[in-house]
Each structure stands twice: as C-alpha cells, then as structure tokens.
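One structure below.
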Amino acid sequence: MRMDREMIILIAGVVAALAFATVVGQLLSRLVRTESSKTVIANLNARIRGWWGMCAVFAAAMATGGIGSIILFTLMSFMALREFITLTPTRRADHRTLFWAFFIILPLQYYLVAIRWYGLFTVMIPVYAFLFIPTRGAIEEDPEAFLERTAKIQWGLMVCVYCLSHAPALLMLNIPGYAGQNGKLLFFLVLIVEMSDVLQYVFGKTLGRRKIAPVISPNKTQEGFVGGIACATLIGAGLWWATPFNVWQAAALSFLISVLGFAGGLCMSAIKRDRGIKDFGSAIEGHGGMLDRIDSLCFAAPIFFHMVCFFFTSRSRWRSYTK
C-alpha cells in the first residue's frame with residue numbers, strides 16, 4: 001500500500017472538509033441564541049473534534065502501510081467487542097470463553113488478514129468459532145440462560161470482529177491493474193460510509209420531519225435517509241478515479257454500502273434500546289463509544305469486500321483472489 005498522488009488528494013480533501021466544518025461550527029456557536037440550538041451546535045462541534053482525532057489516527061495507520069491498518073482495526077474490534085460484552089450480562093462460567101474470544105479468536109482473525117489467508121479468514125469465525133464458543137461454554141456446566149449467553153458472545157464476535165475485519169481485508173485482494181493501490185479502496189469504503197452517516201445526520205437535523213423508526217432510533221428520518229444516501233452516492237461516483245470502478249459502478253457500490261450502513265446503525269440502535277442506554281460507551285467525544293461510530297461500517301464492510309472480490313478480482317482460481 002503506497003501513499004500516491006491520488007491518496008494524498010483524498011486525505012487533503014478530508015482535511016479541507018473538516019477545516020471548513022470547524023469554521024462553520026464555530027461561527028454557528030456564536031450566532032445561535034436559543035438553548036435548543038446551542039445544544040445542537042455544541043453536539044455538532046464535539047462531533048467535529050472527534051472526527052479530527054479519528055481522521056488523524058486513520059491517516060497515520062494508512063501511512064504506515066498494511067500492517068498499520070490491520071493493527072488499528074484490531075484495536076477497534078477489541079474496543080467494540082468490549083463495549084458489546086459489557087452491555088450483555090455474563091456469568092462466571094463465561095469468563096474462560098470470553099478469554100478465548102478476546103485474546104485468541106480476535107487476534108487470530110486479524111492475523112489471517114495479515115498473512116492474506118483468504119480461505120480460512122472467511123470461515124474461521126462463522127464456522128470454527130461458532131462451534132467452539134458453545135462447546136467451551138458447556139464445559140463449564142452452567143446451563144442457566146446458556147443459549148442467550150452463547151448467542152450474545154457469538155453475535156459480538158460476528159459484528160465487532162468478523163464483519164469489521166473485512167475492511168482491512170480489502171488490502172489482500174488482487175485487482176488487475178490496481179496493484180499496490182488497495183489502500184484507496186479502504187479509504188473509499190470508510191469515507192463513503194461515514195459521509196453517509198454524517199449527511200443523514202445533517203439532513204435529518206435540518207429537513208427531517210417524518211421518522212423512520214421512532215421507537216428504535218428517534219433521530220433517523222426519511223428526509224435524512226434519502227438526502228444522506230443520495231449525496232454519499234454522488235460523492236462515491238465523483239471519486240471513481242481513485243478506485244478500480246467506473247463512475248456507475250462506484251455510484252452503485254456507494255449506494256449499496258450507504259444503505260447497509262444505515263441498516264447497521266438501526267440494528268445497533270435496537271440493541272441499545274433493548275439495554276436501555278443511549279450510547280455503547282464514551283470513548284470518542286461527541287460520538288459515544290467505538291461501536292457507536294463503527295456500527296455502519298460493520299454492516300457495510302463484508303458486503304463491499306465480497307462485491308469487490310467477486311466482480312473485480314481475477315477469478316481464474318480461488319487463490320488468485322489474494323496476492
């Protein structure tokens with residue numbers, strides 16, 4: 001993965017957008033008068049500060065090459081899984097199972113990404129960990145709420161580790177004519193998903209009237225959904241030059257991952273409502289916990305990875321999917 005001219009342009013564009021948002025946010029904080037407006041603007045500025053920090057960390061990981069990105073996403077998965085498990089009560093009998101989940105299965109999944117073992121990477125958690133987790137739990141001989149406890153651990157591994165690991169796994173794909181440029185694919189995925197989130201928030205706050213799922217996520221509106229996804233799709237189409245896609249393919253994939261990102265946010269909101277909380281944590285200023293920020297990415301990453309893998313890599317044999 002290299003920092004070529006196109007990657008530098010992409011990063012510069014994000015920095016310029018954040019700088020513009022910072023200026024606008026500061027101006028609005030001085031202009032608004034009502035308490036409700038001040039609260040909204042304060043939240044907006046907190047989110048912008050959070051974005052500065054997240055973008056700096058992401059850019060540093062990209063600059064260090066593939067290993068930096070894998071380490072970053074490994075840490076993100078660890079934090080997200082910790083937040084998820086914290087909200088799903090466990091028993092003493094689950095402690096050894098959780099040790100395996102956090103310190104064996106999670107790092108092993110990202111190790112498979114690092115060594116580009118596509119075949120095992122795609123089935124390790126859905127097959128092997130899926131069977132191992134209940135077996136390890138049953139050995140502890142505590143049948144109380146066994147199915148519920150096991151399902152929570154398995155679901156946490158699937159969402160926080162397996163799904164998210166497909167983002168850095170984009171670096172393993174062998175795309176004809178795109179060698180050494182896969183970092184831009186990872187950048188494209190993260191940018192479009194997060195821009196869709198941001199734009200849905202902006203359109204929802206400014207134009208939102210009709211709620212989509214008021215019980216699950218009161219802030220999600222039809223206007224925000226349509227405006228955010230439409231704009232994210234246009235942004236993705238406009239960035240086709242940094243990808244192996246043509247403009248229509250970039251638009252279609254941007255639309256797909258934006259919709260999946262919305263689905264991820266909605267499902268994670270349902271879990272939070274079930275647990276009676278607003279956020280999964282407080283690790284990121286203005287955004288809540290790690291899982292609050294990457295919920296959309298968790299749903300979008302595996303579909304984007306496999307769409308690129310199936311339609312844009314060499315398909316002469318399965319091993320040719322990786323370098």
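When each of F73, F304, F121 is tested with H166 by the rule ring-ring contact (aromatic ring centres under 6.0 Å, His included), just one qualifies, namely F121.
Ring geometry, F305 versus Y118: the interplanar angle falls under 30°, so the pair is classed parallel (tilted spans 30 to 60°).
For D142 (side chain) and A93 (main-chain N/O), no donor-acceptor pair under 3.5 Å exists by modelled atom type. A distance-only check finds no donor-acceptor pair linking the side chain of E83 to the backbone of F280 [under 3.5 Å]. The closest donor-acceptor contact from the side chain of D94 to the backbone of T97 lies at 3.5 Å or more, if one exists at all. Judged by distance alone, the side chain of R136 and the main-chain N or O of L98 form no donor-acceptor pair under 3.5 Å. Counting only distance, with no hydrogens or angles, the side chain of R96 and the backbone of W100 share no donor-acceptor pair below 3.5 Å.
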Q: Take Q200 and S196, measure what side chain to side chain donor-acceptor pair (under 3.5 Å) needs, and give me the verdict at the end.
A: CA-CA 6 Å; Q200 286 180 53; S196 178; 2.9 Å; yes

**Q.** Verdict with supporting geometry, N174 and T313, side chain to side chain donor-acceptor pair (under 3.5 Å)
**A.** CA-CA 6 Å; N174 181 18; T313 62; over 6 Å; no

**Q.** Audit row: I235, S254, side chain to side chain contact (heavy atoms under 4.5 Å, CB included) steps and yes/no
**A.** CA-CA 8 Å; I235 292 171; S254 297; over 6 Å; no

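Sorted by first and then second residue, the side-chain hydrogen bond (donor to acceptor under 3.5 Å, both in side chains) pairs with a member in residues 215-225 read R210-E223; sequence neighbours excluded.
Linking Ile, Leu, Val, Met, Phe, Trp and Tyr whenever their side-chain heavy atoms come within less than 4.5 Å puts I303 and L170 in one cluster.
Salt-bridge annotation for R92 and E140: absent, with no side-chain N of the basic residue lying under 4.0 Å from a carboxylate O of the acidic one.
Crowding of F132 atom CZ: a count of heavy atoms from other residues, nucleotides or ligands under 6.0 Å exceeding 12. Around atom CZ of F130, no more than 12 heavy atoms belonging to other residues, nucleotides or ligands sit under 6.0 Å away. Under a cut-off of 6.0 angstrom, the local environment of CZ in F245 is crowded, with over 12 non-hydrogen atoms contributed by other residues, nucleotides or ligands.
Looking only at atom types and distance, the side chain of S77 has a donor-acceptor partner in the side chain of Y110 under 3.5 Å away.
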